[in-house]
Structure formats: C-alpha cells, structure tokens
Amino acid sequence: MIAFDVIIFASFTTEITLGLVTFYHVKKSEKVSVVAHNLQLKLFIAVCAQTFVPLVFVYIPYYCVINFAFFNLPLYFVDDAWMRMTACFPAWDVVIIIMLIRDYRDGLLGMFRKMKPMGKETTWKTVSSMVAPSVAASSVVHDM
C-alpha cells in the first residue's frame with residue numbers, strides 16, 4: 001500500500017510541477033503571435049482538465065478504497081459507486097474536450113442542426129448553366 005501511495009503522490013507532484021513550468025513558459029513567450037499564444041493557453045487548459053478527470057474518477061476512488069481497507073474502515077456502497085465512476089471516466093474525458101474546444105463543440109452541434117437540402121441548389125445551378133450558353137450562342141448568330 002505504501003508503494004501505491006508513493007506512486008500516486010510522485011506522479012501528481014510531477015504533473016503539477018511540469019504543468020506550472022509549462023504555464024510559466026507559455027505566459028513568458030514573446031516570439032509567438034497573439035493567436036498562437038491564445039491557442040496554447042486554451043490547449044493547456046484542456047490538458048489540465050484532462051488531468052483533473054482521472055484524478056477525480058480513478059485515482060481518488062482507488063486511493064480511498066485501498067487505504068480504507070488498510071485502516072479497516074467500512075466502505076458500504078462506496079466501492080460500488082466508485083467502480084461506476086471509473087467506468088464513466090472515458091466518457092467524461094471526451095465531454096470535457098468537446099465543451100472546452102470550440103471546433104469540436106461546433107462540429108458536434110453541426111451534426112444536429114437542420115441541414116439544407118442540396119438538391120434544389122444543384123438543380124438551379126445546372127439549369128442556369130445550360131440555359132446561358134444557348135442564349136449567348138443565339139445572340140451571336142443574330143448579330144452577324
């Protein structure tokens with residue numbers, strides 16, 4: 001159990017340290033455009049959210065289940081609920097990215113918006129392009 005606790009604390013200490021260093025360098029950068037700088041910050045926020053999801057849905061539940069058992073604390077229904085939370089982790093990971101990144105959000109909403117029928121517009125262009133050459137040809141013949 002101690003090895004598991006050390007691994008969890010070491011991994012999150014490393015993640016927090018690297019996240020802070022990355023944030024510092026993104027904020028300090030001067031050789032990138034404003035658009036690129038804003039994009040980097042948005043992607044950094046999305047990555048931080050993706051780090052938060054496994055913390056809540058995987059690491060904390062397993063940490064509690066393992067440590068509660070070691071200290072002989074009753075779990076009651078908590079272990080079953082946390083197994084369901086762990087199963088929901090991949091779905092929440094996707095939902096957070098879709099909500100935070102505009103391109104993905106617009107693409108998802110675009111799939112559910114009412115689509116314009118393509119047949120009418122194509123027919124109109126085809127008819128007009130076929131009529132125009134015959135009218136132009138008849139006017140050239142009359143001018144001679």
Side-chain angles (χ1 to χ4, degrees), residues 1-140:
M1 180 190 84
I2 293 174
F4 181 74
D5 292 343
V6 169
I7 290 171
I8 286 181
F9 284 122
S11 68
F12 277 104
T13 303
T14 305
E15 287 178 14
I16 290 170
T17 303
L18 293 176
L20 291 173
V21 170
T22 302
F23 182 73
Y24 171 76
H25 285 288
V26 167
K27 280 299 231 185
K28 191 178 99 171
S29 66
E30 297 174 358
K31 295 183 180 183
V32 295
S33 68
V34 175
V35 174
H37 186 265
N38 290 337
L39 178 65
Q40 291 297 321
L41 284 177
K42 287 179 186 177
L43 290 175
F44 181 73
I45 290 169
V47 168
C48 288
Q50 276 188 310
T51 303
F52 183 72
V53 170
L55 174 69
V56 171
F57 285 97
V58 178
Y59 285 107
I60 291 175
Y62 278 109
Y63 181 78
C64 290
V65 167
I66 288 174
N67 286 323
F68 284 3
F70 180 74
F71 292 115
N72 202 19
L73 297 172
L75 291 175
Y76 303 113
F77 66 91
V78 175
D79 55 346
D80 290 333
W82 281 338
M83 290 303 285
R84 289 183 181 94
M85 285 177 60
T86 303
C88 293
F89 156 66
W92 279 110
D93 198 34
V94 171
V95 166
I96 285 179
I97 291 302
I98 288 174
M99 291 298 134
L100 289 177
I101 298 180
R102 179 180 212 93
D103 291 337
Y104 292 134
R105 187 173 56 240
D106 290 345
L108 178 67
L109 293 174
M111 290 184 341
F112 296 109
R113 290 187 183 131
K114 186 176 179 182
M115 301 176 98
K116 295 179 183 178
M118 296 296 289
K120 292 181 182 178
E121 184 176 336
T122 305
T123 305
W124 179 79
K125 287 182 180 179
T126 305
V127 171
S128 66
S129 64
M130 293 179 78
V131 172
S134 63
V135 171
S138 65
S139 65
V140 172

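Index from 1, following the sequence. For clarity, every value in this text was computed on a predicted model and none was experimentally measured.
The list of ring-ring contact (aromatic ring centres under 6.0 Å, His included) pairs with a residue in residues 9-28, not counting sequence neighbours, reads F9-Y63, F12-Y59, F23-F44. Applying the salt bridge (Lys or Arg N to Asp or Glu O under 4.0 Å) test to pairs two or more places apart or on separate chains, those with a residue in residues 89-102 are R102-D106.
L108 and F112 get closest at one heavy-atom pair: O-CD1, 3.2 Å. Summarising the geometry of Y62 relative to M83, their closest heavy-atom pair is OH-SD, 3.8 Å, with the distance given to 0.1 Å. For P61 against L55, the heavy-atom pair with the smallest separation is CD-O, 4.2 Å.
Evaluated for a side-chain contact (heavy atoms from CB on, under 4.5 Å) with Q50, the options I45, I97, V94 yield exactly one hit, I97. The only option from L20, I16, T14 that meets the side-chain contact (heavy atoms from CB on, under 4.5 Å) definition with L18 turns out to be T14.
For I2, the CD1 atom is loosely surrounded, since the number of other residues' heavy atoms within 6.0 Å does not exceed 12. Within a 6.0 Å radius of OH in Y104, other residues, nucleotides and ligands contribute 12 heavy atoms or fewer. With a 6.0 Å radius and a threshold of 12 heavy atoms from other residues, nucleotides or ligands, W92 has its CH2 atom at or below the threshold.
Residues I66 and F70 have side chains not in contact (no heavy-atom distance under 4.5 Å, counting atoms from C-beta outward). Side-chain contact between L73 and N67 is absent, with no heavy atoms from C-beta onward closer than 4.5 Å.
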Sequence neighbours excluded and cut-off under 3.5 Å, please list the side-chain donor-acceptor pairs for residues 31-39, or say none.
residue, atom, partner, partner atom, Å
S33, OG, A36, N, 3.2
H37, NE2, V26, O, 2.9
N38, ND2, V34, O, 3.4

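Annotation: the span from S29 atom OG to L41 atom CG amounts to 8.0 Å, rounded to 0.5 Å.
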